[in-house]
Amino acid sequence: MKASEFHLYTTRETPADAEIASHQLMIRSGMIRKLTSGIYTWSPLGLRVLRKVENIVREEMDRAGYLEILMPAVQPAELWQESGRWDQFGAQLLKISDRAGRDFCFGPTHEEVMTDFVRNEIRSYKQLPIVFYQIQTKFRDEIRPRFGVMRAREFLMKDAYSFHIDEQSLDQTYWQMHEAYSRVFERAGLEFRPVKADSGAIGGSQSHEFHVLADSGEDVIAFSSGSEYASNIELAAVAAPAHQRPEPIQPMKQVDTPDAHTITELVEHHGVAIEQTIKTLIVKAAEDSGHAFVALLVRGDRELNGLKAQNHPMVASPLEFASEADIRSATGAGPGSLGPVGLEMPCIADQEVALMSDFAAGANADDKHWFGINWERDVKTPETADLRNAVDGDPSPDGQGTLQLARGIEVGHIFQLGTKYSESMNAVVLGEDGKSHVMPMGCYGIGVSRIVAAAIEQNHDEHGICWPLPLAPFELALLPMNAKKSHRVREFSDQLYAELREAGVDVLYDDRNLRPGVMFNDMELVGIPFRLVVGERGLDEGQLEFRARTATENESLPVDGIVAAVLERLGTRD
RNA sequence: CGGGGUGUAGCUCAGCCUGGUAGAGCGCUGCCUUCGGGAGGCAGAGGUCGGAGGUUCAAGUCCUCUCACCCCGACCA
């Protein structure tokens, strides 16, 4: 491709509304343009990358024997009413109506359409197992779209659905898919981890997420130093500490703390060790608990794990924090002055909290805290549960090694769905026994457009994007120096461009007659993995300069045999 | 949906408080010079100041309403 015939439009300025590197770089390199909130146009440059990802995904799905189909983006309400999700899915479901007033939605996912398709197509266990997939534009009306295509409302997703005669077959396909997913991310050249995940509202027995590791990731994953254990931090269990509760030393005393409404302020202004403080969080209680609210106690330096909390029988699910007004009427104090002493509601303490002594907590009166609190002596020892997020160095839940935490971007998620949809939508086949069987299902998603952003988060520097070769929009940039004046350089470059194309190299030939600095900066911003520079000086010596995007030094390559040398350096390609 | 903020040239923003005939940088067009890490000069094109209403002799600026976008809280590929 000649740059003069391509649409390259880069900008020096960082757009004001782009916060993270991938979003900034995608805008600056001109890969995407925002049409409206959470909805983007892919430019020719961006589309090249998107297609690379898409093709890797497609090839790996095909290799595994899965069958590609294409389902409608617009779906009738009836199907969603049949599964019960028309009302359940919530505001993320974009509902639309046609001229006759019939209801439709723009598909956020395709379980219903898929199940409908299969219940009409598949009649016999002999046709099972079967896996269909599609690569489709989805729409989810996110409350807060952000980070460009990372969390867009409209996005490109690969979704696959498997159908089985029994759970065992589902389990088998599930692990095949796990393998296929790993191949996808390996081929894309990304550093990733599959982790155990919460199956959430979708239910089912098994679920894994695939995360691209990046410091800017929104998810935290935990993996063991001593085993294969890896899970989303939501699921990482924390073992109860083994030590005994120390004997009380301090008397309990009330302290005026008008300057301390957060744990940090309490620590800074009153010299309390943060490990000796307790955070009291008031949440709504489960409906059948007989209470309106429940207090959750975690050590001051710990984070509440929302999933663990809402799974507790006393706690409402989904987790809902009490409003400040609710807190005030229930405790008589504001959220900055709460504690277990004298609290008129059930308390659930994290395991380690029950083993603390001489600790500080709010007094349930504004601007007052109790210091030197001890369980039993000053307040009843509460019920305990595992409520906090794991931290670096916690023992691994499987007993082998310790946990390390890393940040990740969720780019894939696989589920064993069971019969949730096949049952409500009556997707059955005749079994070997001549009877109807409801088909267990699996569903498997990959965020194709999100992978593009995730790859940039993982691979960029101060100059721009550093594409892994398999995702790069072009493999090689051919940069002539001062071609406007130098006929030699231009003619040589024209010729070399033709030869490289002939050899199958995906080359971007910058024939725009720009100054060298502009070309270098553009190619680095766009992230072309390799560049080849043609200049008068080099031609005099019979040499060209070759350089990898991530390298700091040029390599001199002789003009003779240049194409072969370049091919060798590009390495194995698809 | 709550809370906060911003809408002025293609982009990034100043001007608004204190009303008086629309600005800068980048980008774009033309010419000249320059040419190995985002050059310089000259000449240009480009804005119903998000929209509607109001106050005023006069509104980008003040008031009301409205729309859009962004940021902080509950979800997900």
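Here B:G30 sits opposite B:C42 as a Watson-Crick or G-U wobble pair (both hydrogen-bonding atom distances under 3.5 Å). Across all strands shown, B:A77 has no partner, as no Watson-Crick or G-U wobble contact with both distances under 3.5 Å is found. Across all strands shown, the partner of B:U6 is B:A68, judged by Watson-Crick or G-U wobble contacts whose two distances both fall under 3.5 Å. Under the Watson-Crick or G-U wobble criterion, with both distances below 3.5 Å, B:G25 is paired with B:C11. Across the strands present, B:C62 finds its partner in B:G54; the criterion is a Watson-Crick or G-U wobble pair with both atom distances under 3.5 angstrom. Across every strand in view, B:G36 sits unpaired, with no contact that passes the Watson-Crick or G-U test at under 3.5 angstrom. Taking a pair to require two hydrogen-bonding distances under 3.5 Å in either a Watson-Crick or a G-U wobble arrangement, B:U18 remains unpaired.
In summary, the aromatic rings of A:Trp467 and A:His460 are positioned with their centroids too far apart to meet the 6.0 Å limit. Annotation: A:Phe185 is in aromatic contact with A:Phe210 [ring centroid separation under 6.0 Å].
Between the side chains of A:Ser207 and A:His413, at least one donor N or O sits under 3.5 Å from an acceptor N or O. Under the 3.5 Å distance criterion, with hydrogens and angles disregarded, a donor-acceptor pair is assigned to the side chains of A:Glu209 and A:Asn232. A donor atom on one side chain and an acceptor atom on the other are not found under 3.5 Å apart for A:Tyr497 and A:Asp511.
Across all strands shown, A:Asp522 has heavy atoms under 4.0 Å from base atoms, whether or not it also approaches the sugar-phosphate. Residue-level contact check: A:Val411 touches the backbone only, with heavy atoms under 4.0 Å from sugar-phosphate atoms and none from bases. Within the nucleic acid shown, A:Val448 has no heavy atom closer than 4.0 Å to any nucleic acid atom. Across all strands shown, A:Asn513 has no heavy atoms under 4.0 Å from either base or sugar-phosphate atoms. Here A:Glu524 lies in heavy-atom contact (under 4.0 Å) with a base. Within 4.0 Å (heavy atoms only), A:Ala152 reaches at least one base atom of the nucleic acid. Residue A:Gly535 is in base contact, counting any heavy-atom pair closer than 4.0 Å across all strands shown.
Listed by chain and residue number, nothing satisfies the salt bridge (Lys or Arg N to Asp or Glu O under 4.0 Å) test with A:Arg515 (two or more places apart in sequence, or in another chain).
The only member of A:Arg531, A:Arg28, A:Arg549 that meets salt bridge (Lys or Arg N to Asp or Glu O under 4.0 Å) when paired with A:Glu524 is A:Arg531.
The number of heavy-atom neighbours closer than 6.0 Å to NZ of A:Lys196, taken from other residues, nucleotides and ligands shown, is 12 or below.
Close to B:A77, at under 4.0 Å from its OP1 or OP2, lies no side-chain N or O of A:Thr109. Of the side-chain N and O atoms in A:Ser449, none sit less than 4.0 angstrom from OP1 or OP2 of B:A77. For the OP1/OP2 pair of B:G27 and a distance below 4.0 Å, the side-chain nitrogens and oxygens of A:Arg12 include at least one atom meeting the criterion. Contact annotation: A:Lys138 side-chain N/O to B:C76 OP1/OP2 distance is not under 4.0 Å.
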Tabulate atom names and distances for all N/O pairs under 3.5 angstrom spanning the protein and nucleotides 72-75 of chain B.
residue, atom, partner, partner atom, Å
B:C72, OP2, A:Arg144, NH1, 2.5
B:C72, OP2, A:Arg144, NH2, 2.2
B:C72, O5', A:Arg144, NH2, 3.3
B:C75, O2', A:Gln92, NE2, 2.9
B:C75, O2, A:Glu142, OE1, 3.4
B:C75, O2, A:Arg151, NH1, 3.3
B:C75, N3, A:Arg151, NH1, 2.6
B:C75, N4, A:Arg151, NH2, 3.2

Protein-nucleic acid N or O pairs under 3.5 Å, nucleotides 6-14 of chain B:
residue, atom, partner, partner atom, Å
B:U12, O4', A:Glu13, OE1, 3.4

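Electrostatic pairing of A:Arg183 and A:Glu179 does not count as a salt bridge here, judged by no charged N lying under 4.0 Å from a carboxylate O.
Taking the six-membered ring where the residue is Trp, A:His7 and A:Tyr9 present parallel rings, their angle staying beneath 30° rather than reaching 60°. Ring geometry for A:Tyr444 versus A:Tyr174: interplanar angle of 30 to 60°, hence tilted.
Comparing B:U18 with B:C63, their P atoms sit 10 Å apart, to the nearest whole Å. Atom name C1', nucleotides B:C49 and B:U61: the rounded distance is 10 Å, in whole Å. Across the C1' atoms, B:A22 and B:A14 are found 12 Å apart, a figure rounded to whole Å.
Evaluation of A:Phe520 against the base of B:G36 yields no stacking contact (centre distance < 5.5 Å, interplanar angle < 30° required).
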